[in-house]
Amino acid sequence: PATLALNEYCNRIAHGEVADFSDFWRVFRRNWAPAWRWGGINLAVLLLLAADIYLTDRQSPETWVIYLQSLYITVMLVWLVIQNLALPFLFEQEKMKVGQALRNAVSLLGKNIGFVFLLEFFLLILFALGTLAFMLSLMFGAVFISCAHNRAVLNRLEPYRQTGGETGC
């Protein structure tokens with residue numbers, strides 16, 4: 001619920017609205033059920049992938065095992081990127097449907113792979129530099145990631161809104 005509340009808070013900021021700390025707690029209570037639906041799906045997939053990585057690591061170090069483990073790690077990284085894009089979609093949709101937000105995030109990733117890759121690379125570089133200012137990264141890191149992904153989704157949705165198309169990518 002806290003992650004979802006943080007993303008709605010940042011979504012309001014990305015739309016140019018005024019948001020304060022009381023909005024965070026209001027959203028925290030209001031979106032309890034969708035937040036746990038998203039969290040349950042996310043946790044199940046991450047646990048499955050982590051278990052696959054762990055179990056393949058226990059195999060003999062043959063070439064196919066290394067490739068399989070690399071595939072699991074890649075899928076996990078793509079899943080995490082999809083999660084960062086899906087949360088802003090929850091607030092851009094008419095109804096908060098987790099499945100639709102995930103589909104929209106996959107579509108956005110597929111149609112804008114270069115943009116998403118550069119966004120994630122830029123965030124990774126900023127966090128690597130942020131290790132020099134550890135406390136700032138710790139305090140503001142989640143807010144910065146959430147704001148960056150909300151603004152990225154709004155940026156990619158703008159052409160659809162100008163042509164009167166659907167919100168989905």
Side-chain angles (χ1 to χ4, degrees), residues 1-49 71-130 137 140-169:
T3 304
L4 203 68
L6 174 66
N7 270 275
E8 182 166 330
Y9 181 83
C10 290
N11 187 269
R12 290 187 63 189
I13 292 171
H15 278 284
E17 299 174 15
V18 176
D20 62 16
F21 196 62
S22 65
D23 294 331
F24 176 85
W25 291 111
R26 181 183 45 76
V27 171
F28 186 90
R29 287 187 298 274
R30 188 185 69 215
N31 295 329
W32 185 263
W36 280 110
R37 247 189 327 273
W38 168 79
I41 293 169
N42 192 24
L43 188 61
V45 171
L46 287 176
L47 286 176
L48 178 70
L49 289 170
L71 175 67
Y72 289 142
I73 291 169
T74 303
V75 169
M76 183 182 276
L77 291 173
V78 170
W79 177 254
L80 291 172
V81 168
I82 289 169
Q83 295 311 301
N84 282 329
L85 296 172
L87 288 174
F89 272 114
L90 277 175
F91 305 108
E92 296 301 317
Q93 300 169 163
E94 290 177 17
K95 294 181 181 177
M96 289 187 78
K97 293 184 177 180
V98 175
Q100 182 180 0
L102 290 170
R103 284 190 298 276
N104 285 338
V106 169
S107 179
L108 179 91
L109 177 62
K111 291 180 179 180
N112 299 285
I113 190 93
F115 174 80
V116 173
F117 177 76
L118 285 174
L119 172 67
E120 299 301 325
F121 181 73
F122 176 68
L123 290 172
L124 184 65
I125 295 297
L126 281 176
F127 270 85
L129 293 173
S137 292
F140 300 112
V143 173
F144 183 74
I145 288 174
S146 180
C147 284
H149 285 102
N150 272 286
R151 289 189 185 274
V153 166
L154 290 177
N155 177 274
R156 297 291 105 177
L157 288 177
E158 191 61 32
Y160 294 97
R161 290 189 173 146
Q162 289 176 352
T163 61
E166 295 181 10
T167 313
C169 290

Discussion item. Does F122, at its CZ atom, have more than 12 non-hydrogen atoms belonging to other residues, nucleotides or ligands within less than 6.0 Å?
Written reply: no

Discussion item. Using only atom types and a distance under 3.5 Å, with no angle test, would you say the side chain of N7 pairs donor to acceptor with the backbone of T3?
Written reply: yes

Worksheet, complete the sentence: Rounded to the nearest 0.5 Å, the CH2 atom of W36 sits from the CG atom of N42 at a distance of 11.5 Å

Worksheet item: Rounded to the nearest 0.5 Å, how far apart are CG of L87 and CD1 of I82?
Response: 12.0 Å

Worksheet item: If you look at every heavy atom in C10 and N150, which pair is closest and at what distance?
Response: CB-ND2, 3.7 Å

Worksheet item: If every non-hydrogen atom of R12 is compared with every non-hydrogen atom of V18, which pair is closest and at what distance?
Response: NH2-O, 3.0 Å

Response to the item:
When rounded to the nearest 0.5 Å, the distance separating CH2 of W25 from CZ of R30 is 15.0 Å

Discussion item. Between R156 and E92 (salt bridge meaning N to carboxylate O under 4.0 Å), is one present in this structure?
Written reply: no

Discussion item. Within the structure provided, determine whether F91 and V153 are in side-chain contact (heavy-atom separation under 4.5 Å).
Written reply: no

Worksheet, complete the sentence: For V98 and P34, the nearest pair of non-hydrogen atoms, with its separation, is CG2-O, 3.9 Å

Fill in: Atom pair CG/CE of L71 and M76 - distance to nearest 0.5 Å
11.5 Å

Response to the item:
d(L4 CG, S146 OG) to nearest 0.5 Å is 9.5 Å

Discussion item. Over 60° means perpendicular and under 30° means parallel, so tell me whether W32 and F28 are parallel, tilted or perpendicular.
Written reply: perpendicular

